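Predicted model, so just to flag it, every value in this text is computed and none were measured. Order of appearance sets the numbers: ligands from 1, and atoms from 1 within every ligand.
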Amino acid sequence: MVVVRVLVIGSGGREHALLLGLKRDPSVDDLHAAPGNAGTAAVATNHAVDVASREAVVELAQRIKPDLVVIGPEVPLVLGVADALREAGFPTFGPSAAAAQIEGSKAFAKDVMAAAGVRTARAEVVDNPADLDAALDRFGPTWVVKDDGLAAGKGVVVTADRAAARAHAADCLEHGHPVLLESFLDGPEVSLFCLVDGEDVVPLLPAQDHKRVGDGDQGPNTGGMGAYTPLPWLPEGSVEQIVDEVVRPVAVELASRGTPFSGLLYAGLAMGAEGPAVVEFNCRFGDPETQAVLELLESPLGATLHAVATGSLADLPTLRWHDGAAVVVVLAAENYPGTPRTGDTITGATGEGLLHAGTKIDRDGDVVSAGGRVLGIVGRGADLRAARAQAYERLAAVRLPGSHFRTDIGLAAEEGRISL
Ligand code: GLY
């Protein structure tokens with residue numbers, strides 16, 4: 001299938017990586033992004049539309065007439081933008097609003113997992129502040145407190161400090177959001193992205209994110225400060241085990257409820273002594289893992305995503321991958337993951353492996369920071385050591401006042417310090 005014109009919805013590093021991956025597909029020759037960022041403007045035509053509006057996105061698609069629409073972020077998916085595009089006749093990569101509840105409501109995800117017999121943390125939903133203390137007493141000594149809604153990874157607090165756990169839960173409840181308390185899952189984390197088309201499941205390479213803001217996994221959670229792929233410490237057969245025990249049962253359960261999943265199902269897992277257990281599901285490509293995973297994809301991305309969007313994943317040839325490893329290091333703005341400082345001029349952010357996330361072009365034509373995670377710097381090499389070296393070498397050329405990054409992305413794996 002020839003996919004000539006593609007519209008990518010979103011504005012982060014994930015979307016820049018998707019666009020660059022699509023550009024490498026020889027059948028794709030016209031790329032559009034909405035709203036995009038300063039980096040996507042170099043490979044695609046950016047369109048300033050409100051991507052949370054079904055009407056605005058459909059109107060844009062009617063003007064552009066794409067052969068494929070790829071939806072990056074969870075918010076438009078949960079709001080039914082994929083449904084609206086499909087109703088208007090556009091092949092769309094991304095689940096329906098009903099299936100996107102696997103990310104949109106953590107309580108829904110728990111219900112699906114229970115029905116599918118998938119291992120996950122014990123959980124309780126608290127929606128009344130009067131019940132909070134008794135519920136906290138039933139968890140610990142490490143508390144996992146999640147905002148039961150979309151919070152870009154920052155709604156999760158994992159802490160051995162009961163007072164900190166209580167403060168986060170109380171804050172969510174004060175804002176009218178139910179809270180999910182979970183038992184802590186032990187074991188190294190894996191992000192496994194799977195293309196899913198009903199009951200058909202095709203895994204991509206496994207990756208690992210680094211969610212804490214600081215080196216050595218210190219500090220608060222973020223949307224992700226860096227990632228690497230593949231995982232040298234993951235035993236052979238683990239990906240097949242995760243597909244068989246986790247992803248396919250959930251896909252089958254969603255299909256049996258009349259809400260089949262079509263798109264990218266992201267399983268966030270802890271690899272514990274008893275096997276993989278689900279930390280969370282997301283209904284879209286992960287950010288920043290995608291930036292590393294797509295760096296190693298050899299198969300044409302446009303044809304791959306189009307196969308899912310048109311219900312023909314079963315006919316897709318086996319995916320091909322480059323040998324070696326890829327790493328992405330996130331450069332974050334001052335004060336991220338708190339309210340980030342924006343509007344700072346970025347210099348040196350050109351060349352290979354520089355993926356834009358929170359950037360825009362200001363009135364003077366300068367590239368400036370416009371979000372918390374500003375850039376993702378990708379390195380690739382024969383192994384993790386070489387990939388890390390290239391990513392950090394590229395990062396050294398970039399200047400953003402007040403910015404910070406982790407120096408240890410992929411380091412524990414490189415040094416053989418991760419084991420099951
Ligand atoms: N990397 C975490 C996420 O995409 O949610």
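Considering both main-chain and side-chain atoms, E289 comes within under 3.5 Å of ligand 1 through a nitrogen or oxygen pair. The N/O atoms of D287, backbone and side chain alike, include one that comes under 3.5 Å of an N/O atom in ligand 1.
The pair D408-R406 meets the salt-bridge criterion, since a charged nitrogen lies less than 4.0 angstrom from a carboxylate oxygen. Electrostatic pairing of E280 and K106 does not count as a salt bridge here, judged by no charged N lying under 4.0 Å from a carboxylate O.
More than 12 heavy atoms of other shown residues, nucleotides or ligands fall within 6.0 angstrom of atom CD in E298.
Between A41 and N46, the shortest heavy-atom distance links the atoms CB-ND2, 3.6 Å.
Note on ligand 1: G286 sits in its first shell, one or more heavy atoms being nearer than 4.0 Å. Using a non-hydrogen distance threshold of 4.0 Å, Y266 registers as a contact of ligand 1.
Screening residues 244-268 for ring pair (Phe, Tyr, Trp, His ring centres under 6.0 Å) gives F193-Y266 as the qualifying pairs, with residues at least two apart or on separate chains.
Looking at residues two or more places apart in sequence or on another chain, you find a side-chain contact (heavy atoms from CB on, under 4.5 Å) between P206 and V190, L192, L231, L234, V239.
Heavy-atom proximity to N282, at under 4.0 Å, picks out these atoms of ligand 1: 5 (O). Those atoms of ligand 1 that come under 4.0 Å of a heavy atom in D209, given as number and element, are 1 (N), 2 (C). Near G223, the atoms of ligand 1 lying under 4.0 angstrom from a non-hydrogen atom of the residue are 1 (N), 2 (C).
Under 4.0 angstrom from ligand 1, the non-hydrogen atoms of R284 all belong to its side chain.
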